S.K.: 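One structure coming up, written as structure tokens, with questions to follow.
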Amino acid sequence: MMNIKKWALAAAIAIAAAPAMAGSALQDILSEGVLKVGTTGDWNPMTMKDPATNSYKGYDIDVMTELAKDLGVEVEFVAADWKTLVSGVTSGKYHMTGSASISPKRAKAAGYSISYFSLATVPLTLTKNADRFRDWADLDKAGVTVAATLGTTQESQVKQFFPNAKHQIVEAPARDFQEVLSMRADAHITSNVEAKKLVLKYPQLMIVPVAKPKAPTPIAMLLPQADQVWINYVNTWISLKKERGFFDKIGAKWQLAL
């Protein structure tokens, strides 16, 4: 009798799960053989687009390629920008995104995977401003212009951190650091990971030697909010890959150590 009850319970669970699976992005991905990933291509070292070949490279690209391989499907990277990153998920333009900072605003419309890395925010300026800007308070003054990119976490942070400064919000494909390089802004803020790459690429830039980075924030993948089947799969995959050292290996490759 007990075995019959267990079988009946298992059957009931399978029947209940079937409609959910049928309506999940997971089933679409497996049926179509393609995982569509939204990525901006402008966040070194996470995602970088080569205009000449229309191809991508970076930490996110390696992670999503591995996910597609484990799913047994091809990966297709879909061009996205920061201001429409969430709407691309909610409209079904792509099944998920690469890394995105976790924020309550984004969570109102989209779901998140569990986190696999954390970032913090730092300011950058020109090296010639080294004596002018030494900490956060030096930037929060009238007459100082601080830039951020529209749709990023830094867009809201720049207004929060520097209420007394002027805010210069630029829209992709323009980037905030370009405003500093062209001297249209005195400084900009970004993740500590990107900051390290920027100062290597542009020697005229420097990270302001603040006492401490602000807003430590976990990053995760954006997913359709109501698709728990797909979210569960991705979370299971992340947990397994973390346990087996995959994220540590890819992080070391792209020098993500903080």
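Not measured: the values here are computed from a predicted model. One-based numbering along the sequence shown.
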S.K.: Applying side chain to side chain donor-acceptor pair (under 3.5 Å), which residue pairs with at least one partner in residues 205-222 are found, sequence neighbours left out?
M.R.: none

S.K.: Any link between Phe247 and Ile114 through a network of hydrophobic side chains (Ile, Leu, Val, Met, Phe, Trp, Tyr) touching at under 4.5 Å?
M.R.: yes

S.K.: Is it the case that over 12 heavy atoms from other parts of the model lie below 6.0 angstrom from the CD atom of Glu76?
M.R.: yes

S.K.: Assign the ring pair Tyr59 / Tyr116 to parallel, tilted or perpendicular, where the plane angle (0 to 90°) is split at 30° and 60°.
M.R.: parallel

S.K.: For the pair Thr125 (side chain) and Asp186 (backbone), establish whether a donor and an acceptor sit closer than 3.5 Å, ignoring hydrogens and angles.
M.R.: yes

S.K.: Do the side chains of Val78 and Leu35 join up, straight or via other hydrophobic residues, at under 4.5 Å, putting them in one cluster?
M.R.: yes

S.K.: Is there a chain of hydrophobic side chains (I, L, V, M, F, W, Y, each step under 4.5 Å between heavy atoms) that links Met221 to Leu240?
M.R.: no

S.K.: Look only at the side chain of Asn129 and the backbone of Arg132, and say whether a donor-acceptor pair between them is shorter than 3.5 Å.
M.R.: no

S.K.: By side-chain hydrogen bond (donor to acceptor under 3.5 Å, both in side chains), which residues pair with Thr39, not counting sequence neighbours?
M.R.: Thr47

S.K.: Short question: side chain of Asn192, backbone of Thr121 - any donor-acceptor pair under 3.5 Å?
M.R.: no

S.K.: Examine distances only and state if a side-chain atom of Asp135 and a backbone atom of Ala137 form a donor-acceptor pair shorter than 3.5 Å.
M.R.: no

S.K.: Measuring from Ser99:OG to Met64:CE, what's the distance to the nearest 0.5 Å?
M.R.: 6.5 Å

S.K.: State yes or no: do Leu200 and Leu256 share one hydrophobic cluster built from I, L, V, M, F, W and Y residues joined by side-chain heavy-atom distances below 4.5 Å, directly or via other members?
M.R.: no

S.K.: Quick one, Thr97 and Leu223 - any side-chain contact, counting heavy atoms below 4.5 Å?
M.R.: no

S.K.: I need the full list of salt bridge (Lys or Arg N to Asp or Glu O under 4.0 Å) pairs touching residues 160-181, with sequence neighbours left out, sorted by first then second residue.
M.R.: Lys83-Glu171, Arg175-Glu194, Glu179-Arg184

S.K.: Are the side chains of Ile29 and Glu32 in touch, meaning some heavy atoms are under 4.5 Å apart?
M.R.: no

S.K.: Keeping the roles fixed (side chain from Thr90, backbone from Ser87), state whether a donor-acceptor pair exists under 3.5 Å.
M.R.: yes

S.K.: Verify, without hydrogens or angle tests, whether Gln225 (side chain) and Ala107 (backbone) share a donor-acceptor contact under 3.5 angstrom.
M.R.: yes

S.K.: Tell me which pairs pass salt bridge (Lys or Arg N to Asp or Glu O under 4.0 Å) where either residue lies in residues 101-120, with sequence neighbours left out.
M.R.: none

S.K.: Answer with yes or no whether the hydrophobic clustering places Leu85 together with Val170; edges join I, L, V, M, F, W, Y residues whose side-chain heavy atoms lie under 4.5 Å apart.
M.R.: no

S.K.: Who clusters with Val210? Use side-chain heavy atoms, under 4.5 angstrom, across I, L, V, M, F, W and Y, and order the result by chain and number.
M.R.: Phe133, Trp136, Leu139, Val144, Val146, Leu150, Val158, Phe161, Phe162, Ile169, Ile189, Val208

S.K.: Report the residues that fulfil side-chain hydrogen bond (donor to acceptor under 3.5 Å, both in side chains) with Gln228, sequence neighbours left out, ordered by chain and then residue number.
M.R.: Asn232

S.K.: With sequence neighbours left out, write down each residue that passes side-chain hydrogen bond (donor to acceptor under 3.5 Å, both in side chains) with Lys253, or none if nothing qualifies.
M.R.: Asp62

S.K.: Once rounded to the nearest 0.5 Å, what's the spacing between atom CZ of Arg244 and atom NZ of Lys249?
M.R.: 13.5 Å

S.K.: Charged N to carboxylate O below 4.0 Å: is that the case for Asp131 and Arg134?
M.R.: yes

S.K.: Please write out which residues are connected to Met183 in a hydrophobic cluster, directly or through intermediates, given that two of Ile, Leu, Val, Met, Phe, Trp, Tyr count as joined at side-chain heavy-atom separations below 4.5 angstrom.
M.R.: Val122, Leu124, Leu126, Phe177, Val180, Leu181, Leu198, Val199, Tyr202, Leu205, Ile207

S.K.: Mark yes or no for whether Thr40, through its side chain, and Ala80, through its backbone, hold a donor-acceptor pair below 3.5 Å.
M.R.: no

S.K.: Between Gly98 and Val37, which heavy-atom pair has the shortest distance, and what is it?
M.R.: N-CG1, 3.9 Å

S.K.: Set out, in order, the CA-CA distance, both residues' side-chain angles and the distance that settles side chain to side chain contact (heavy atoms under 4.5 Å, CB included) for Val193 and Phe117, then state yes or no.
M.R.: CA-CA 11 Å; Val193 169; Phe117 191 70; 3.8 Å; yes

S.K.: Hey, does Asp50 have a side-chain heavy atom less than 4.5 Å from the side chain of Tyr56?
M.R.: no

S.K.: Considering all heavy atoms of both residues, which atom of Pro173 and which atom of Gln178 are nearest to each other, and what is their separation?
M.R.: O-OE1, 4.3 Å

S.K.: Would you say that Trp254 contacts Ile61 through its side chain, given a criterion of any heavy-atom pair below 4.5 Å between the two side chains?
M.R.: no

S.K.: Quick one: which residue pairs count as a ring pair (Phe, Tyr, Trp, His ring centres under 6.0 Å) with a foot in residues 86-115, not counting sequence neighbours?
M.R.: none

S.K.: Got Leu222 and Met96 here, is their nearest side-chain heavy-atom distance under 4.5 Å?
M.R.: no

S.K.: Keeping Gln160 on the side-chain end and Ser156 on the backbone end, is there a donor-acceptor pair under 3.5 Å?
M.R.: no

S.K.: To the nearest 0.5 Å, what is the distance between OG (Ser118) and CD1 (Ile102)?
M.R.: 8.0 Å

S.K.: Could you pull out all residues at least two apart from Thr84 that satisfy side-chain hydrogen bond (donor to acceptor under 3.5 Å, both in side chains)?
M.R.: Asp81

S.K.: Listing request: all ring pair (Phe, Tyr, Trp, His ring centres under 6.0 Å) pairs with a residue in residues 28-52, at least two apart in sequence or in separate chains.
M.R.: Trp43-Trp82

S.K.: Can you measure from CZ (Phe77) to CG (Asp60) and round to the nearest 0.5 angstrom?
M.R.: 8.5 Å

S.K.: Please report the closest heavy-atom contact between Asn235 and Ser113, naming both atoms and the distance.
M.R.: OD1-CA, 3.2 Å

S.K.: Mind listing the closest non-hydrogen atom pair of Ser191 and Leu119 along with its distance?
M.R.: CB-CD1, 3.9 Å

S.K.: Would you name the heavy atoms of Ala220 and Ser115 that are closest together and state the gap between them?
M.R.: CB-CA, 4.2 Å

S.K.: So how far is it from Met48 CE to Asp42 CG, rounded to the nearest 0.5 Å?
M.R.: 11.0 Å

S.K.: How long is the gap from CD1 on Ile219 to OG on Ser103, to the nearest 0.5 Å?
M.R.: 13.0 Å

S.K.: Would a 4.5 Å heavy-atom cut-off, applied to side chains only, mark Lys57 and Lys49 as touching?
M.R.: no

S.K.: Enumerate the salt bridge (Lys or Arg N to Asp or Glu O under 4.0 Å) contacts for residues 230-243, please, sequence neighbours excluded, ordered by first and then second residue.
M.R.: Glu66-Lys241, Asp70-Lys241

